[in-house]
Asks: 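Take a look at this one; I'll ask things after.
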Amino acid sequence: MHFRSLPALLALSLFFLAPALAAQSSVSEFRLGGSAAVLNDECIRLTPATPYVSGSAWFQNPMDLEYPFELTVDLVLGENDELGADGIVFVFHPNMQTGYRGEGMGFAGLYPSLGIEFDTYQNFHLGDPSGDHVAIMPHGQAHHARSMVGPVEVPNLENGAKRPLTISWHPGKHTLEVRLDGQLRASYTGDIVAEIFGGNSKVYWGATAATGRKINYQDVCIRKLVYAMVD
Ligand SMILES: [Ca+2]
Ligand SMILES: [Ca+2]
(Lines give C-alpha, C1' and ligand atoms only; values in the text may rest on other atoms or scores of the structure.)
(Ligands and ions follow the chains in the order given, each with its own letter.)
Protein backbone atom coordinates (compact mmCIF):
# COMPACT_ATOMS: atom_id res chain seq x y z
CA MET A 1 0.00 0.00 0.00
CA HIS A 2 1.25 3.47 -0.86
CA PHE A 3 0.01 6.47 1.05
CA ARG A 4 2.79 8.90 0.29
CA SER A 5 0.74 10.93 -2.13
CA LEU A 6 -2.15 11.20 0.31
CA PRO A 7 -2.69 13.80 2.98
CA ALA A 8 -1.80 12.04 6.25
CA LEU A 9 -5.20 12.45 7.87
CA LEU A 10 -7.04 11.10 4.84
CA ALA A 11 -4.64 8.19 4.59
CA LEU A 12 -5.05 7.34 8.25
CA SER A 13 -8.82 7.61 8.23
CA LEU A 14 -9.10 5.47 5.11
CA PHE A 15 -6.60 2.98 6.52
CA PHE A 16 -8.68 2.36 9.61
CA LEU A 17 -11.94 2.23 7.71
CA ALA A 18 -11.03 0.04 4.80
CA PRO A 19 -9.95 -3.60 4.63
CA ALA A 20 -7.58 -2.83 1.80
CA LEU A 21 -6.74 0.24 -0.17
CA ALA A 22 -5.25 1.01 -3.48
CA ALA A 23 -3.70 4.25 -4.60
CA GLN A 24 -2.07 3.74 -7.94
CA SER A 25 -2.02 5.25 -11.36
CA SER A 26 -1.41 2.84 -14.19
CA VAL A 27 -3.33 2.75 -17.44
CA SER A 28 -2.44 -0.95 -17.62
CA GLU A 29 -5.00 -1.62 -14.88
CA PHE A 30 -7.87 -0.97 -17.30
CA ARG A 31 -9.65 -3.28 -19.70
CA LEU A 32 -10.14 -1.42 -22.96
CA GLY A 33 -12.99 -1.89 -25.40
CA GLY A 34 -14.13 -0.44 -28.72
CA SER A 35 -12.01 2.44 -29.96
CA ALA A 36 -10.15 2.92 -26.64
CA ALA A 37 -6.35 2.78 -26.78
CA VAL A 38 -3.48 3.67 -24.48
CA LEU A 39 -2.19 7.13 -25.43
CA ASN A 40 0.77 7.36 -23.03
CA ASP A 41 1.74 6.41 -19.45
CA GLU A 42 -1.14 8.41 -17.97
CA CYS A 43 -3.85 8.68 -20.58
CA ILE A 44 -6.31 6.46 -22.40
CA ARG A 45 -7.88 7.83 -25.59
CA LEU A 46 -11.47 6.61 -25.41
CA THR A 47 -12.31 7.89 -28.88
CA PRO A 48 -10.28 9.44 -31.66
CA ALA A 49 -11.86 12.39 -33.51
CA THR A 50 -13.62 9.99 -35.87
CA PRO A 51 -17.37 9.73 -36.60
CA TYR A 52 -19.52 7.04 -35.00
CA VAL A 53 -16.97 5.37 -32.73
CA SER A 54 -17.10 4.54 -29.03
CA GLY A 55 -14.63 3.31 -26.48
CA SER A 56 -14.59 2.10 -22.92
CA ALA A 57 -11.98 1.64 -20.19
CA TRP A 58 -12.98 -0.49 -17.18
CA PHE A 59 -10.85 -0.60 -14.06
CA GLN A 60 -10.21 -4.29 -13.58
CA ASN A 61 -10.48 -4.40 -9.79
CA PRO A 62 -13.97 -4.04 -8.32
CA MET A 63 -14.43 -1.64 -5.42
CA ASP A 64 -16.53 -1.88 -2.28
CA LEU A 65 -18.96 1.03 -1.81
CA GLU A 66 -19.23 0.23 1.90
CA TYR A 67 -15.96 2.18 2.09
CA PRO A 68 -14.99 5.63 0.83
CA PHE A 69 -13.38 6.22 -2.53
CA GLU A 70 -11.80 9.16 -4.28
CA LEU A 71 -11.02 8.93 -7.98
CA THR A 72 -8.97 11.78 -9.46
CA VAL A 73 -8.42 11.92 -13.20
CA ASP A 74 -8.09 14.48 -15.96
CA LEU A 75 -10.75 14.57 -18.65
CA VAL A 76 -9.99 15.81 -22.16
CA LEU A 77 -13.12 16.39 -24.21
CA GLY A 78 -11.49 17.38 -27.49
CA GLU A 79 -11.21 20.68 -29.33
CA ASN A 80 -14.42 20.87 -31.39
CA ASP A 81 -17.06 22.95 -29.65
CA GLU A 82 -19.87 23.58 -32.15
CA LEU A 83 -18.91 20.47 -34.12
CA GLY A 84 -18.05 18.27 -31.12
CA ALA A 85 -19.72 15.21 -29.56
CA ASP A 86 -20.71 13.27 -27.54
CA GLY A 87 -18.93 13.26 -24.18
CA ILE A 88 -17.70 10.91 -21.46
CA VAL A 89 -19.61 8.97 -18.78
CA PHE A 90 -18.20 7.42 -15.61
CA VAL A 91 -20.16 4.24 -15.04
CA PHE A 92 -20.52 2.10 -11.91
CA HIS A 93 -21.92 -1.35 -12.59
CA PRO A 94 -21.67 -4.86 -11.07
CA ASN A 95 -19.96 -6.11 -14.24
CA MET A 96 -17.42 -4.70 -16.67
CA GLN A 97 -20.16 -4.23 -19.23
CA THR A 98 -20.69 -1.34 -21.63
CA GLY A 99 -24.13 -0.05 -22.61
CA TYR A 100 -25.56 1.40 -25.79
CA ARG A 101 -23.22 3.73 -27.62
CA GLY A 102 -23.75 6.89 -29.66
CA GLU A 103 -25.84 9.38 -27.71
CA GLY A 104 -25.98 6.78 -24.90
CA MET A 105 -22.19 7.12 -24.58
CA GLY A 106 -21.79 3.51 -23.42
CA PHE A 107 -24.07 4.04 -20.43
CA ALA A 108 -27.60 3.77 -21.83
CA GLY A 109 -29.51 0.63 -20.92
CA LEU A 110 -27.17 -0.65 -18.18
CA TYR A 111 -29.09 -1.97 -15.15
CA PRO A 112 -28.35 -1.61 -12.34
CA SER A 113 -25.89 1.23 -12.74
CA LEU A 114 -24.97 4.74 -11.81
CA GLY A 115 -23.54 7.12 -14.40
CA ILE A 116 -21.87 10.51 -14.11
CA GLU A 117 -21.94 12.14 -17.51
CA PHE A 118 -19.97 14.97 -19.05
CA ASP A 119 -22.12 15.65 -22.09
CA THR A 120 -20.93 17.94 -24.88
CA TYR A 121 -23.71 17.45 -27.43
CA GLN A 122 -27.34 18.50 -27.16
CA ASN A 123 -29.80 15.67 -27.82
CA PHE A 124 -33.19 17.39 -27.65
CA HIS A 125 -35.15 14.19 -27.13
CA LEU A 126 -33.06 13.33 -24.05
CA GLY A 127 -33.75 16.70 -22.41
CA ASP A 128 -30.17 17.92 -22.88
CA PRO A 129 -29.61 21.65 -22.31
CA SER A 130 -27.87 23.62 -25.06
CA GLY A 131 -24.61 23.92 -23.13
CA ASP A 132 -22.15 21.28 -22.01
CA HIS A 133 -23.43 19.68 -18.84
CA VAL A 134 -22.86 17.31 -15.93
CA ALA A 135 -25.47 14.92 -14.52
CA ILE A 136 -25.76 11.94 -12.19
CA MET A 137 -28.04 9.34 -13.73
CA PRO A 138 -29.50 5.97 -12.62
CA HIS A 139 -29.76 2.66 -14.45
CA GLY A 140 -28.63 3.67 -17.92
CA GLN A 141 -31.51 6.11 -18.29
CA ALA A 142 -30.16 8.75 -20.63
CA HIS A 143 -33.18 11.08 -20.45
CA HIS A 144 -32.67 13.87 -17.93
CA ALA A 145 -36.23 13.55 -16.64
CA ARG A 146 -34.82 10.55 -14.74
CA SER A 147 -31.59 12.22 -13.58
CA MET A 148 -30.71 12.09 -9.89
CA VAL A 149 -28.78 15.35 -10.21
CA GLY A 150 -28.70 17.80 -13.08
CA PRO A 151 -28.27 18.44 -15.88
CA VAL A 152 -25.95 21.14 -14.54
CA GLU A 153 -24.65 23.39 -17.31
CA VAL A 154 -20.94 24.19 -17.22
CA PRO A 155 -18.71 26.42 -19.36
CA ASN A 156 -17.57 24.92 -22.68
CA LEU A 157 -15.58 21.74 -22.01
CA GLU A 158 -14.23 21.27 -25.53
CA ASN A 159 -11.09 23.34 -25.75
CA GLY A 160 -8.45 20.62 -25.56
CA ALA A 161 -7.63 21.32 -21.90
CA LYS A 162 -6.97 18.67 -19.29
CA ARG A 163 -9.81 19.11 -16.81
CA PRO A 164 -9.18 17.80 -13.31
CA LEU A 165 -12.08 15.69 -12.08
CA THR A 166 -12.52 14.19 -8.62
CA ILE A 167 -15.39 11.81 -7.88
CA SER A 168 -15.69 10.97 -4.19
CA TRP A 169 -18.02 8.79 -2.12
CA HIS A 170 -18.47 9.09 1.63
CA PRO A 171 -20.57 6.09 2.75
CA GLY A 172 -21.01 7.38 6.30
CA LYS A 173 -22.67 10.52 4.96
CA HIS A 174 -24.09 8.79 1.89
CA THR A 175 -22.68 11.61 -0.21
CA LEU A 176 -21.39 11.39 -3.77
CA GLU A 177 -19.56 14.50 -4.98
CA VAL A 178 -18.32 15.49 -8.43
CA ARG A 179 -15.68 18.20 -8.70
CA LEU A 180 -14.66 19.41 -12.13
CA ASP A 181 -12.06 22.13 -12.69
CA GLY A 182 -11.88 22.54 -8.91
CA GLN A 183 -15.58 23.31 -8.51
CA LEU A 184 -18.30 21.17 -6.96
CA ARG A 185 -20.64 20.57 -9.91
CA ALA A 186 -22.88 17.79 -8.64
CA SER A 187 -23.63 16.28 -5.24
CA TYR A 188 -26.03 13.46 -4.41
CA THR A 189 -26.98 12.28 -0.94
CA GLY A 190 -28.56 8.85 -0.67
CA ASP A 191 -27.81 5.21 0.08
CA ILE A 192 -26.51 4.29 -3.37
CA VAL A 193 -25.76 0.70 -2.35
CA ALA A 194 -29.38 0.10 -1.35
CA GLU A 195 -31.15 2.45 -3.78
CA ILE A 196 -29.20 1.66 -6.92
CA PHE A 197 -27.41 -1.64 -6.45
CA GLY A 198 -29.99 -3.58 -4.41
CA GLY A 199 -27.64 -4.02 -1.46
CA ASN A 200 -24.65 -5.21 -3.50
CA SER A 201 -21.75 -2.91 -2.62
CA LYS A 202 -19.20 -4.49 -4.96
CA VAL A 203 -19.06 -2.70 -8.30
CA TYR A 204 -16.72 -2.02 -11.18
CA TRP A 205 -16.19 1.46 -12.57
CA GLY A 206 -15.17 2.60 -15.99
CA ALA A 207 -15.17 5.53 -18.38
CA THR A 208 -16.98 5.35 -21.71
CA ALA A 209 -17.29 7.80 -24.57
CA ALA A 210 -18.73 8.06 -28.04
CA THR A 211 -18.85 10.22 -31.12
CA GLY A 212 -21.57 10.60 -33.73
CA ARG A 213 -21.82 12.67 -36.86
CA LYS A 214 -19.99 15.27 -34.76
CA ILE A 215 -16.66 14.26 -33.31
CA ASN A 216 -13.98 14.86 -30.70
CA TYR A 217 -10.99 13.00 -29.39
CA GLN A 218 -11.84 12.16 -25.78
CA ASP A 219 -9.28 11.08 -23.19
CA VAL A 220 -9.17 10.10 -19.55
CA CYS A 221 -5.84 10.51 -17.74
CA ILE A 222 -5.27 8.74 -14.44
CA ARG A 223 -4.05 10.88 -11.56
CA LYS A 224 -4.85 9.16 -8.26
CA LEU A 225 -7.27 6.41 -7.38
CA VAL A 226 -8.07 5.69 -3.75
CA TYR A 227 -10.64 3.03 -2.99
CA ALA A 228 -11.30 -0.08 -0.95
CA MET A 229 -10.57 -3.27 -2.81
CA VAL A 230 -12.96 -6.17 -2.65
CA ASP A 231 -11.56 -9.11 -0.69
CA1 LIG B 1 -25.94 14.50 -25.30
CA1 LIG C 1 -19.16 22.63 -25.85
Asks: Are Val73 and Val154 in one and the same hydrophobic cluster, where Ile, Leu, Val, Met, Phe, Trp and Tyr link if side-chain heavy atoms are under 4.5 Å apart?
Replies: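 Yes, same cluster.
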Asks: Any non-hydrogen side-chain atom of Asp119 less than 4.5 Å from a side-chain atom of Leu126?
Replies: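 No; the side chains remain at least 4.5 Å from each other.
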Asks: Ala57 and Leu32: which non-hydrogen atoms are nearest, and at how many Å?
Replies: CB-CD2, 3.6 Å
Asks: Could you give the distance from CD (Glu79) to OH (Tyr217), rounded to the nearest 0.5 Å?
Replies: 3.0 Å
Asks: Check whether any side-chain heavy atom of His144 sits under 4.5 Å from a side-chain heavy atom of Met137, and report yes or no.
Replies: yes
Asks: Short question: side chain of Arg223, backbone of Pro164 - any donor-acceptor pair under 3.5 Å?
Replies: no
Asks: How many angstroms lie between atom CD of Glu177 and atom CD1 of Ile167, to the nearest 0.5 angstrom?
Replies: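 Glu177 CD to Ile167 CD1: 12.0 Å, rounded to 0.5 Å.
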Asks: Starting from Leu165, can I reach Phe107 by hopping between I/L/V/M/F/W/Y residues whose side chains sit under 4.5 Å apart?
Replies: no
Asks: Work out which heavy atom in Gln218 is nearest to a heavy atom in Asp86; give both atom names and the distance.
Replies: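 Result for this residue pair: OE1-N, 3.7 Å.
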Asks: With a 6.0 Å cut-off on ring centres, are Trp169 and Tyr188 close enough?
Replies: no
Asks: Under the 3.5 angstrom rule, does the side chain of Asn159 hit a backbone N or O of Ala161 as a donor-acceptor pair?
Replies: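 Looks like yes, one N/O pair under 3.5 Å.
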Asks: So, the side chain of Thr208 versus the backbone of Met105: is there a donor-acceptor pair under 3.5 Å, distance only?
Replies: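 Looks like yes, one N/O pair under 3.5 Å.
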Asks: Would you please classify the geometry between the His93 ring and the Trp58 ring as parallel, tilted or perpendicular, with 30° and 60° separating the classes?
Replies: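 Judged by the thresholds at 30° and 60°, the geometry between Trp58 and His93 is tilted.
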Asks: Would you call Glu29 and Leu225 a side-chain contact if the rule is heavy atoms closer than 4.5 Å?
Replies: no
Asks: I need the Thr166 OG1 to Leu71 CG distance, nearest 0.5 Å.
Replies: 8.5 Å
Asks: If I compare all heavy atoms of Pro138 with all of Ser147, which pair ends up nearest, and what's the gap?
Replies: CD-CA, 4.3 Å
Asks: Ignoring hydrogens and angles, tell me if any N or O in the side chain of Thr211 forms a donor-acceptor pair with the backbone of Thr50 under 3.5 Å.
Replies: yes
Asks: Is a side-chain donor or acceptor of Asn123 paired with a backbone partner of Asp128 at a separation under 3.5 angstrom?
Replies: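 Not a single qualifying donor-acceptor pair exists.
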Asks: Decide whether Trp205 and Val178 are clustered together by the hydrophobic rule: side chain heavy atoms of Ile, Leu, Val, Met, Phe, Trp, Tyr closer than 4.5 Å, transitively.
Replies: yes
Asks: Please tell me if the side chains of Phe30 and Gln60 come closer than 4.5 Å, counting only heavy atoms from C-beta onward.
Replies: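 No, their side chains stay 4.5 Å or more apart.
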Asks: Nearest 0.5 Å please: distance from the CD1 atom of Ile116 over to the CZ atom of Phe92.
Replies: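 Separation between the atoms: 5.0 Å.
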Asks: Same cluster or not: Met63 versus Phe59, using hydrophobic residues (I, L, V, M, F, W, Y) connected whenever any side-chain heavy atoms lie under 4.5 Å apart?
Replies: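 Same cluster: Met63 reaches Phe59 through Ile, Leu, Val, Met, Phe, Trp or Tyr contacts under 4.5 Å.
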Asks: Any idea which heavy atoms bring Ala36 and Ser56 closest together, and the distance?
Replies: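 For Ala36 versus Ser56, the nearest heavy atoms are CB-O, 3.3 Å.
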Asks: Checking side-chain polar atoms at under 3.5 Å, does His133 have a donor or acceptor matched by the opposite partner on Gln122?
Replies: no
Asks: So, for Asp64 and Ser201, which heavy atoms are closest and what is the spacing to 0.1 Å?
Replies: OD1-OG, 2.7 Å
Asks: Quick one: does Asn40's side chain have a donor or acceptor within less than 3.5 Å of a partner on Cys43's backbone?
Replies: yes
Asks: Please work out which of the three classes, parallel, tilted or perpendicular, describes the rings of Tyr111 and His139, given edges at 30° and 60°.
Replies: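 Tilted: the ring planes of His139 and Tyr111 meet at 30° to 60°.
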Asks: Should Ile192 and His174 count as side-chain neighbours, where that means a heavy-atom distance under 4.5 Å?
Replies: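 The answer is no; the side chains never approach within 4.5 Å.
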Asks: So, taking the atom named CG in Leu157 and the one named CG in Leu180, what distance separates them when rounded to the nearest 0.5 Å?
Replies: 6.0 Å
Asks: Atom CD1 of Ile196 and atom CG of Leu65: how far apart are they, to the nearest 0.5 Å?
Replies: 11.0 Å
Asks: Verify, without hydrogens or angle tests, whether Asn80 (side chain) and Ile215 (backbone) share a donor-acceptor contact under 3.5 angstrom.
Replies: yes
Asks: Pro94 versus Pro112: any side-chain heavy-atom pair under 4.5 Å?
Replies: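 Pro94 vs Pro112: side chains touch.
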Asks: Could you pull out all residues at least two apart from Ser35 that satisfy side-chain contact (heavy atoms from CB on, under 4.5 Å)?
Replies: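 Expected list: Thr47, Pro48, Val53.
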Asks: Do the side chains of Asn61 and Tyr227 get nearer than 4.5 Å, heavy atoms only?
Replies: yes
Asks: Verify side chain to side chain contact (heavy atoms under 4.5 Å, CB included) between Leu114 and Leu176, making sure each step is shown before the conclusion.
Replies: CA-CA 11 Å; Leu114 185 140; Leu176 179 70; 3.9 Å; yes
Asks: So, for Leu184 and Arg179, which heavy atoms are closest and what is the spacing to 0.1 Å?
Replies: CA-CG, 3.9 Å
Asks: Under a 3.5 Å cutoff, is there a donor and acceptor pairing between the side chains of Ser28 and Ser26?
Replies: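 Yes, a side-chain donor-acceptor pair sits under 3.5 Å.
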Asks: Just by distance, do the side chain of Asn216 and the backbone of Leu77 share a donor-acceptor pair under 3.5 Å?
Replies: yes
Asks: What I want to find out is whether Lys162 reaches Glu42 closely enough, with some N-O distance under 4.0 Å, to be called a salt bridge.
Replies: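 Salt bridge flag = yes for Glu42 with Lys162.
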Asks: Count I, L, V, M, F, W, Y as connected when their side-chain heavy atoms are under 4.5 Å apart, and connections chain through other members. Are Val76 and Phe118 then in the same cluster?
Replies: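 No.
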Asks: For the residue pair Thr175 and Ser187, establish whether any side-chain heavy-atom pair is separated by less than 4.5 Å.
Replies: yes
Asks: Evaluate Asp219 against Leu46 for side chain to side chain contact (heavy atoms under 4.5 Å, CB included), listing each step before the verdict.
Replies: CA-CA 5 Å; Asp219 306 337; Leu46 295 168; over 6 Å; no
